[in-house]
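Next up is a structure, given as structure tokens.
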Amino acid sequence: QVQLVESGGGLVQAGDSLRLSCAASGRTSSRYAMGWFRQAPGKEREFVAAIRWSGGSTSYADSVKGRFTISRDNAKRTVYLQMNNVKPEDTAVYYCAASCTTAVITVPSVYDYWGQGTQVTVSS
């Protein structure tokens, strides 16, 4: 089992920056691909970014490409999502997830473990 805890969410203004963190505990010796997803009220959960276990490969949703950066520090068992130039449409609950694969995964159903989420609210 892997436990994931997100932090770093909050209320920011459009154009600001924010960094989300996801700390993993439990069976973290395995090689997990990690991803960030988000869900806005009344909408389905959508892919944001993903990273290979080694950190050598990443993928981003078109809506965040060039603004968000996913990274990981395996020594700290933490994954980050650096969010720059945020927009009101980025408002959502952000979830991190771990997949028992090594490849970059963009489909939420493939992920095995999920955090509880952290709220990000961007005001205009």
Side-chain angles (χ1 to χ4, degrees):
Q1 287 285 338
V2 175
Q3 293 78 43
L4 304 172
V5 179
E6 303 96 333
S7 62
L11 173 63
V12 295
Q13 294 186 333
D16 284 351
S17 295
L18 198 65
R19 190 176 80 158
L20 305 183
S21 299
C22 174
S25 61
R27 190 179 176 184
T28 58
S29 60
S30 300
R31 297 178 174 181
Y32 294 99
M34 300 295 294
W36 284 97
F37 293 80
R38 66 187 182 187
Q39 188 166 17
K43 295 187 177 181
E44 294 187 353
R45 190 168 299 188
E46 66 174 0
F47 168 73
V48 176
I51 187 167
R52 186 182 172 93
W53 79 271
S54 64
S57 180
T58 57
S59 180
Y60 297 92
D62 289 342
S63 58
V64 306
K65 200 170 294 183
R67 299 187 297 122
F68 291 9
T69 302
I70 187 171
S71 61
R72 67 189 297 164
D73 185 336
N74 288 340
K76 295 182 178 180
R77 294 178 292 182
T78 301
V79 177
Y80 305 97
L81 184 68
Q82 179 65 43
M83 306 167 61
N84 296 331
N85 189 25
V86 295
K87 303 176 181 180
E89 50 264 43
D90 294 324
T91 295
V93 176
Y94 283 71
Y95 300 89
C96 74
S99 173
C100 297
T101 65
T102 57
V104 171
I105 302 295
T106 64
V107 179
S109 61
V110 182
Y111 283 83
D112 303 285
Y113 305 101
W114 291 84
Q116 83 290 347
T118 185
Q119 175 71 47
V120 172
T121 303
V122 182
S123 64
S124 57

*Minimum side-chain heavy-atom gap Glu44-Glu46 below 4.5 Å*: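 When only atoms from C-beta onward are counted, Glu46 and Glu44 do not touch, as no gap falls below 4.5 Å.
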
*Are any of the side-chain heavy atoms of Arg67 and Asp90 separated by less than 4.5 Å?*
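Result yes, sub-4.5 Å side-chain heavy-atom pair found.
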
_Validation row: Asp112, Tyr32 side chains within 4.5 angstrom (heavy atoms)_ =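 Counting from C-beta outward, Asp112 and Tyr32 never come under 4.5 Å.
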
*Side chains of Asp73 and Tyr80: does their closest heavy-atom pair fall under 4.5 Å?*
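Side chain of Asp73 against side chain of Tyr80, heavy atoms only: contact under 4.5 Å found.
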
*Is there a path of hydrophobic side-chain contacts, each under 4.5 Å between heavy atoms of I, L, V, M, F, W or Y residues, that connects Tyr60 with Leu18?*
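Per the 4.5 Å side-chain linkage, Tyr60 and Leu18 are co-clustered.
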
*Write out all pairs satisfying side-chain hydrogen bond (donor to acceptor under 3.5 Å, both in side chains) with one or both partners inside residues 14-23, taking only residues at least two apart or from two chains.*
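Every side-chain hydrogen bond (donor to acceptor under 3.5 Å, both in side chains) pair that includes a residue of residues 14-23, provided the two are not neighbours, is Ser17-Asn84.
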
*Examine Trp36 and Trp114 and state if one hydrophobic cluster contains both, with Ile, Leu, Val, Met, Phe, Trp and Tyr joined whenever side-chain heavy atoms are less than 4.5 Å apart.*
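Different hydrophobic clusters.
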
*Do Arg72 side-chain atoms and Arg52 backbone N/O form a donor-acceptor pair below 3.5 Å?*
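Answer holds: yes.
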
*asked:* Using side-chain heavy atoms (C-beta onward) and a distance below 4.5 Å, is Gln13 in contact with Val86?
replied: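 Contact flag for Gln13/Val86 side chains = no.
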
*Mind checking whether Arg38 and Val64 have side chains closer than 4.5 Å, heavy atoms only?*
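Arg38 reaches Val64 side chain to side chain.
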
_Those residues that, when tested against Lys65, pass salt bridge (Lys or Arg N to Asp or Glu O under 4.0 Å) (two or more places apart)_ =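 With neighbours one apart ignored, the set is Asp62.
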
*Sub-3.5 Å donor-acceptor pair from the side chain of Glu6 to the main-chain atoms of Cys96, do we have one?*
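Judged by distance alone, yes, a pair lies under 3.5 Å.
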
_What I'd like to find out is whether the side chain of Leu4 reaches to under 4.5 Å of the side chain of Met34, using heavy atoms alone._
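When only atoms from C-beta onward are counted, Met34 and Leu4 do touch, with a gap below 4.5 Å.
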
*Answer whether the closest heavy-atom distance between the side chains of Tyr95 and Pro108 falls below 4.5 Å.*
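No, every pair of side-chain atoms sits at 4.5 Å or beyond.
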
